[in-house]
Amino acid sequence: SAVCGIVGIKPTVGLVSRRGIIPISRTQDTAGPMARTVTDAAILLNALAGGDPRDEATQNSNVAAGFDYAASLDVNGLKGARIGVPMRSFRGGSPAAGVLRKARDDMKALGATLVEFDENIANAGDAEGIVLSYEFKAGINEYLTWLGPDVQMHSLQDLIEFNLKNKERELAFFGQEQFEKAQARGPLTDKIYLDALEKCRRRSRTEGIDAVMDKYQLDTILGPSGGPAGTTDAVYGDRDVGGSSSPAAVAGYPNITVPAGQVLGLPVGMSFFGRAYSEALLLKIAFAYEQGTKNRRAPKFLETIG
């Protein structure tokens, strides 16, 4: 959403059913709205949110049926809001640095109090990769089984073998190291997985987002959604354009990106994230920022700049 210059909501894991979505991680996967405006995204979230007996994660949702997220939108939502600024996300020579500075100034002008902090709220280390590899294997095997006997692929191992048999097409520009790493993992009852999962949740939740929000009495945490879109590079692969999505993703907490400006005609977004099931508050703040800045620009068919 950020690189396309639109609003995107990654809801709390469990707010929206994931049934039918090709899985990557049961603790991070979630569907969410992508729309031109915060209002449109909130209306779409109204339709998406709710329990589903086919997705066990939604059974613990504390969101009442019929909750109206659009009703929480407030053009004055930034007045008096306390917004945490993780300085680790704003250091460095990002091409979007000017956009990020302006976003912070705009929020102050719209009545927000910005609270800078240096705590590391994305400090799960290698544990996140361990969790992802275990959960990908389990998830993709379950998904392929759910598709039924008529499909040709029934397991992750089948996918690996298919890619090897068709490597001239499937592996021409990249390998399948992540597939192979996941295939080597055991079941989700392994102590290695359970220990890694506990570390991820503790570091991202009780010692991470929740701890910082309690300490500084924050309504939300702010971060750059990422840098402008990069060109596809089959030799060196994707470049790191920065971002702040990891803490909320690992925690399973909500995150909203809103257009913040452009760099050489390419969109850049700002993210607001916070506690579990705080979508209504995040939408209120995101809407106030959107309406106070009007940063979104309609896309144009430009010549490549790469």
Side-chain angles (χ1 to χ4, degrees), residues 1-10 37-38 41 72-122 208-229 240-249 251 253-275 278-297:
S1 295
V3 298
C4 290
I6 60 175
V7 175
I9 303 176
K10 186 204 82 66
T37 67
V38 174
S72 65
L73 305 183
D74 182 358
V75 70
N76 296 312
L78 276 168
K79 290 185 177 179
R82 290 179 60 82
I83 299 178
V85 181
M87 297 309 296
R88 294 168 183 267
S89 296
F90 286 88
R91 295 189 179 115
S94 166
V99 173
L100 303 180
R101 286 194 296 270
K102 183 178 185 303
R104 294 170 62 183
D105 292 342
D106 287 341
M107 287 178 211
K108 289 180 182 178
L110 292 167
T113 297
L114 271 59
V115 182
E116 298 180 354
F117 65 86
D118 278 309
E119 285 89 340
N120 186 355
I121 56 175
I209 293 173
D210 293 333
V212 165
M213 294 189 74
D214 287 341
K215 180 178 180 179
Y216 298 105
Q217 299 181 312
L218 304 177
D219 295 299
T220 183
I221 299 175
L222 176 71
S225 303
D240 183 5
V241 295
S244 60
S245 63
S246 289
Y253 286 0
N255 194 344
I256 300 177
T257 181
V258 181
Q262 295 191 335
V263 174
L264 296 177
L266 297 174
V268 175
M270 289 298 301
S271 291
F272 302 92
F273 59 95
R275 303 178 191 273
S278 63
E279 282 82 357
L281 176 58
L282 298 181
L283 281 164
K284 174 183 176 181
I285 291 171
F287 179 75
Y289 173 67
E290 173 196 60
Q291 295 299 303
T293 58
K294 303 289 186 180
N295 283 323
R296 181 180 180 273
R297 299 290 179 266

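This chain uses plain numbering: 1 for the first residue, then up along the sequence.
The distance from atom CD1 of Ile9 to atom CD1 of Ile256, rounded to the nearest 0.5 Å, is 4.5 Å. Summarising the geometry, atom CD1 belonging to Ile285 is positioned 7.0 Å from atom CZ belonging to Phe272; distances are rounded to the nearest 0.5 Å. Summarising the geometry, atom OG belonging to Ser72 is positioned 5.0 Å from atom CG belonging to Leu283; distances are rounded to the nearest 0.5 Å. Rounding to the nearest 0.5 Å gives a distance of 14.5 Å between CG of Leu266 and CZ of Arg297.
Taking the side chain to side chain contact (heavy atoms under 4.5 Å, CB included) definition, one finds that Asp74 meets it with Asn76, Lys284, sequence neighbours left out. Here Ala260 pairs with Val99, Met270, Tyr289 under the side chain to side chain contact (heavy atoms under 4.5 Å, CB included) rule; sequence neighbours left out. With sequence neighbours left out, the side chain to side chain contact (heavy atoms under 4.5 Å, CB included) criterion links Val85 to Met87, Phe90, Arg104, Leu114, Glu116, Leu222. Residues passing the salt bridge (Lys or Arg N to Asp or Glu O under 4.0 Å) test with Lys108: none are found, sequence neighbours excluded. Residues passing the salt bridge (Lys or Arg N to Asp or Glu O under 4.0 Å) test with Lys79, sequence neighbours excluded: none. Here Thr293 pairs with Asn295 under the side-chain hydrogen bond (donor to acceptor under 3.5 Å, both in side chains) rule; sequence neighbours left out. The side chain to side chain contact (heavy atoms under 4.5 Å, CB included) check on Ala2 picks up Ser225, Thr257, with sequence neighbours excluded. Looking at residues two or more places apart in sequence or on another chain, you find a side-chain hydrogen bond (donor to acceptor under 3.5 Å, both in side chains) between Arg275 and Asp214. In terms of the side-chain hydrogen bond (donor to acceptor under 3.5 Å, both in side chains) criterion, residue partners of Lys102 (sequence neighbours excluded) are, by chain and number, Asp106.
Put simply, the residue from Val115, Ile209, Asn255 that forms a side-chain contact (heavy atoms from CB on, under 4.5 Å) with Ile221 is Ile209.
Residues Pro254 and Phe273 have side chains not in contact (no heavy-atom distance under 4.5 Å, counting atoms from C-beta outward). Under the 4.5 Å side-chain criterion, counting only non-hydrogen atoms from C-beta, Ser271 is in contact with Ser244. In this structure, the side chains of Ser1 and Val7 stay at 4.5 Å or more apart for every pair of heavy atoms.
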Under the criterion side-chain contact (heavy atoms from CB on, under 4.5 Å), I'd like the reasoning laid out for Ile83 against Asp219: C-alpha separation, chi angles, the key distance, then a yes or no. CA-CA 6 Å; Ile83 299 178; Asp219 295 299; 5.8 Å; no
Give the intermediate values and the outcome of side-chain contact (heavy atoms from CB on, under 4.5 Å) for residues Asp210 and Tyr253. CA-CA 10 Å; Asp210 293 333; Tyr253 286 0; 2.8 Å; yes
Verdict with supporting geometry, Val258 and Val38, side-chain contact (heavy atoms from CB on, under 4.5 Å): CA-CA 8 Å; Val258 181; Val38 174; 4.3 Å; yes
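Surrounding CZ of Arg82 are more than 12 heavy atoms belonging to other residues, nucleotides or ligands, all under 6.0 Å away.
Minimum interatomic distance between Leu110 and Ala288 (heavy atoms only, all atoms of both residues): CD1-O, 4.0 Å. Nearest heavy atoms, Gly227 versus Val3: O-CG1, 4.1 Å.
A donor-acceptor pair under 3.5 Å links the side-chain atoms of Arg296 to the main chain of Gly5, judged by distance alone.
There is a side-chain donor-acceptor pair under 3.5 Å between Glu119 and Tyr216.
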